[in-house]
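Structure first, commentary second.
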Amino acid sequence: MGQRVTFLKETAHQILHVLRLSDDDQVAVLDNSGLIHYVRLRVDLSTNTVSGMILATQPVQSEPKTQLSLYFGLSSREKVEWILQKGTEVGVSAFYPFYSSRTLVKPASLSPKKLERWERIIKEAAEQSGRGRLPMLHAPKDLAGFYFDAVGFNDLCLLAYEGAGDDGLKLSDALDCFSGAKIGLFVGPEGGFSEGEVQAGLEAGCRVISLGKRILRMETAAMVLPALVLYVLDE
Ligand code: SAH
């Protein structure tokens, strides 16, 4: 409390020229450490700089206790952007786009500019939805390269497979008695996972789950799955 803060140029621009705030206006600042600071602004129009005084600091209440990592098949620009935006709103903590045998997008088509744009989409969605921590965007990799990392990192990994039939676990059963902190969720591309990819996931230690009798588009599954997991976990 009482501490002074100075805003970065880009944020100062947003405060002055987009939000049109001025001296003594108050803003809520998320610092990406899980804290929210209430700040009284000081504006210097001669230099276009904005600073402020912290009036109060609190932990952000909106962060889920369970850290969800979403592994999803790379798709068209619009679909990926939609998944990142909605996933951030719903409560995903990290995104891992992957290439697999049925993804339409191949590594050569990903420019650093595209990744920057995706990071900006996550940041805007995090601000809009009041996330306490910015979800991480990881560089795309081959699906096989993610399986073992995911199983090592997470306490539980679930792979959504529409072809699981009666062998597919219900989400509520898969999460029954779950007491860990990290869950990895795998959603396939438009063409789905091949049988070999599902088998490799199972061998790595993923559990195959069903999302019901209807087949969802990949972007629908990528949003519904994290939302349902957090719902079942009471988050
Ligand atoms: N290839 C399939 C559909 C793929 S849907 C077909 O055209 O018939 C894209 C992804 O969404 C799948 O790989 C899966 O991860 C997920 N998904 C969609 N519906 C699902 C369901 N009913 N149960 C589990 N996963 C599902």
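Values in this document were obtained by computation on a predicted structure and should not be read as measured data. All ligand and atom numbering here is 1-based and tracks the order in the structure. Residue numbers start at 1 and run along the sequence shown.
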Got the closest protein heavy atom to [atom], with its distance?
atom	result
atom 4 (C) of ligand 1	Glu190 O, 3.3 Å
atom 5 (S) of ligand 1	Leu216 O, 3.1 Å
atom 8 (O) of ligand 1	Ile215 CD1, 3.8 Å
atom 2 (C) of ligand 1	Glu162 OE2, 3.3 Å
atom 24 (C) of ligand 1	Leu211 N, 3.2 Å
atom 9 (C) of ligand 1	Pro189 O, 3.3 Å

Any N/O of [X] closer than 3.5 Å to an N/O of ligand 1?
X	result
Ile209	no
Ala160	yes
Gly188	yes
Val187	no
Arg214	yes
Phe186	no
Ala221	no

Could you pull out all donor-acceptor pairs under 3.5 Å where a side-chain atom in residues 172-193 meets a protein atom, sequence neighbours excluded?
| residue | atom | partner | partner atom | Å |
| --- | --- | --- | --- | --- |
| Glu190 | OE2 | Ser75 | OG | 2.5 |
| Glu190 | OE2 | Lys79 | NZ | 3.1 |

| said: Please classify the Lys213 to ligand 1 contact at 4.0 Å (heavy-atom distances, strictly less than): side chain, backbone, both or neither. | reply: neither

| field | Arg20, CZ atom: more than 12 neighbouring heavy atoms under 6.0 Å | value | no

| More than 12 non-hydrogen atoms from neighbouring residues, nucleotides or ligands closer than 6.0 Å to CD on Glu10, yes or no? |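 Not buried by this count: 12 neighbours or fewer within 6.0 Å.
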
Show which atoms of ligand 1 fall inside a sub-4.0 Å distance from at least one heavy-atom site of [X].
X	value
Gly191	1 (N)
Phe193	13 (O), 15 (O)
Met218	9 (C)

Would you say the side chain of [Y] lies within less than 4.5 Å of the side chain of [X], judging by non-hydrogen atoms?
X	Y	result
Cys157	Arg207	no
Arg217	Met223	no
Thr103	Phe72	no

| Cluster overlap Val60 with Val27, hydrophobic side-chain contacts below 4.5 Å |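 Shared cluster, no.
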
| field | Heavy-atom pair with the smallest gap, counting every atom of Val92 and Leu68 | value | CG1-O, 3.6 Å

| Under 3.5 Å donor-acceptor, Ser93 side chain and Pro135 backbone |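 No; zero donor-acceptor contacts below 3.5 Å.
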
| For Phe146, which of Phe95, Phe153, Tyr71 qualifies under ring pair (Phe, Tyr, Trp, His ring centres under 6.0 Å)? |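 The passing option is Tyr71.
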
